[in-house]
Asks: 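Structure in structure tokens, see below.
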There are 2 protein chains.
Amino acid sequence: MTYSIKDVSERTGLSIYTLRYYDKQGLLPFVARNSAGYREFTDGDLLLLHTICCLKNTGMKISDIRRYIDFVMEGPSSVAHRRALLESHRAAVQKQLVLVRNNLKEIDAKLAIYSAPDAAAKVSQELQAAVGEKTRLGLANTFEKASAA
Amino acid sequence: MTYSIKDVSERTGLSIYTLRYYDKQGLLPFVARNSAGYREFTDGDLLLLHTICCLKNTGMKISDIRRYIDFVMEGPSSVAHRRALLESHRAAVQKQLVLVRNNLKEIDAKLAIYSAPDAAAKVSQELQAAVGEKTRLGLANTFEKASAA
DNA sequence: CTAAACCCTCGACCTCACTCGAGGGCAAGC
DNA sequence: GCTTGCCCTCGAGTGAGGTCGAGGGTTTAG
């Protein structure tokens with residue numbers, strides 16, 4: 001049993017255009033063609049494509065995914081290279097996760113202010129502080145409209 | 001005390017080009033200019049810019065950050081709108097975090113294989129399964145080079 | 001008074017990751 | 001044998017998010 005590009009598109013959520021684009025970028029050298037030149041995906045191909053999606057979803061660039069796939073196509077001898085590549089990607093993703101979590105905490109702090117019963121008062125206070133600072137420094141009041149409201 | 005665009009660039013890690021680009025996109029309407037037309041950032045401006053960075057780092061589009069800043073410039077009356085925008089962004093980020101964590105787990109599983117003492121054997125086995133599948137289905141062996149190695 | 005080191009705008013250019021249309025081939029049903 | 005619905009390649013186009021150079025004004029130190 002093999003899958004047409006349309007089947008694969010439906011299973012993965014990637015558009016047919018994207019699949020062809022990935023192939024063009026060298027991400028799918030393992031996909032065989034039939035006599036008419038049509039791509040025929042096997043279950044094994046879907047597994048590899050799934051790995052590609054994991055790498056893409058965690059923010060790896062196409063060109064780096066391509067390097068990984070090139071290693072896979074080289075066979076077992078490239079295991080050390082594959083490992084190094086994934087290890088370094090893993091570190092980058094971890095770092096990014098920490099950043100996002102910290103930034104999300106700050107957004108939550110903002111949300112706490114906006115959700116409090118005295119939100120308008122707190123926001124007004126912040127605004128007045130900012131306006132005061134501009135005035136004190138002899139700058140134009142860029143919050144004109146806001147302080148009028 | 002105010003900060004030049006260069007100062008702000010050094011403090012935030014954003015390039016001067018990026019800061020000017022953000023201004024052009026309407027993200028920095030609160031930054032005042034001096035008589036020469038130079039931007040003068042206050043401490044309050046840096047706080048707002050920090051919020052912008054939090055939104056950007058968590059993947060918010062420039063146009064949505066702009067919507068948020070537009071609300072801020074509207075004053076306290078827009079608190080409900082700000083809250084709705086951040087709330088929906090928060091949900092998107094949470095969803096994205098879950099996806100990334102799950103995909104990272106799969107990458108870790110790959111890494112476990114590549115790091116095991118019998119990595120080469122396991123990888124060879126996977127490869128042979130894929131090659132066998134192609135053969136069984138009457139497809140070309142796209143792993144030619146790998147299985148030769 | 002001049003050189004160095006800033007600052008400005010404007011518009012062109014770049015990368016990335018698609019997205020799409022044109023032009024054409026194949027395969028099944030009526 | 002013709003329509004419908006797939007499939008293909010190639011190359012152009014899109015949108016987001018910058019990045020940069022040209023041309024020109026400002027500020028500061030010598």
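We use all heavy atoms of the structure for the numbers below, so side chains are in, but hydrogens, waters and symmetry mates are not. Residue numbers begin at 1 in each chain, while the letters A, B, ... track the order of the sequences.
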Asks: For the backbone of B:V8 and the side chain of B:T12, can you confirm whether one donor and one acceptor N or O come within less than 3.5 Å of each other?
Replies: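 Yes, B:T12 side chain to B:V8 backbone: donor-acceptor pair under 3.5 Å.
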Asks: Assuming nearest nucleotide by heavy-atom distance, tell me which of A:D23 and B:Y22 is located more 5' along DNA chain D.
Replies: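 It is A:D23, whose closest nucleotide lies nearer the 5' terminus.
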Asks: Would you mind classifying the nucleic acid contact of B:K24 as base, sugar-phosphate or nothing, using non-hydrogen atoms under 4.0 angstrom?
Replies: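 Answer is base: heavy atoms of B:K24 come under 4.0 Å of a base.
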Asks: Determine whether a donor-acceptor pair (N or O, by modelled atom type, separation under 3.5 Å) exists between the side chain of A:S124 and the backbone of A:A120.
Replies: yes
Asks: Within a reach of under 6.0 Å around CD of B:Q125, are more than 12 heavy atoms found that belong to other residues, nucleotides or ligands?
Replies: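 Open: at most 12 neighbouring heavy atoms sit under 6.0 Å from CD of B:Q125.
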Asks: Mind checking if A:S63 touches a base, just sugar-phosphate, or nothing, with heavy atoms under 4.0 Å?
Replies: nothing
Asks: Would you check if the side chain of B:T42 reaches a backbone N or O of B:D45 as a donor-acceptor pair within less than 3.5 Å?
Replies: yes
Asks: When you list every nucleotide of DNA chain D with an atom under 4.0 Å from a heavy atom of chain A, which one comes first 5' to 3', and which comes last?
Replies: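 Range of nucleotides within reach of chain A: D:dC6 to D:dG11.
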Asks: Taking only heavy atoms on the protein side, list every residue of residues 31-40 of chain A lying under 4.0 Å from any atom of DNA chain C, sorted numerically.
Replies: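 Close to the strand are A:A36, A:Y38.
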Asks: Using whole Å, report how far CG of A:L55 lies from C1' of C:dA17.
Replies: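 Interatomic distance, CG of A:L55 to C1' of C:dA17: 16 Å.
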Asks: Which whole-number value in Å describes the distance from A:Q25 CD to C:dT19 P?
Replies: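 After rounding, the gap between these two atoms is 13 Å.
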Asks: C:dC20 P sits how many Å from A:I16 CD1, rounded?
Replies: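 Going from CD1 in A:I16 over to P in C:dC20 covers 12 Å.
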Asks: Tell me, do A:V93 and A:M60 make a side-chain contact under 4.5 Å, heavy atoms counted?
Replies: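 No, their side chains stay 4.5 Å or more apart.
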Asks: Checking side-chain polar atoms at under 3.5 Å, does B:R39 have a donor or acceptor matched by the opposite partner on B:S4?
Replies: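 Their side chains do not contain a donor-acceptor pair, so the 3.5 Å distance test is not met.
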Asks: Does the B:S78 side chain pair with the main chain of B:G75, one donor and one acceptor, at a distance under 3.5 Å?
Replies: yes
Asks: Check this one for me: any side-chain N or O of A:Y21 less than 4.0 Å away from OP1 or OP2 of C:dC20?
Replies: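 It does not, given that no N or O in the side chain of A:Y21 lies less than 4.0 Å from OP1 or OP2 of C:dC20.
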Asks: Using only side-chain N and O atoms of B:S4, determine if any of them is under 4.0 Å from OP1 or OP2 of C:dC6.
Replies: no
Asks: Aromatic rings B:Y68 and A:Y114: how do their planes relate, parallel, tilted or perpendicular, breaks at 30° and 60°?
Replies: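 Plane angle between 30° and 60°, so tilted.
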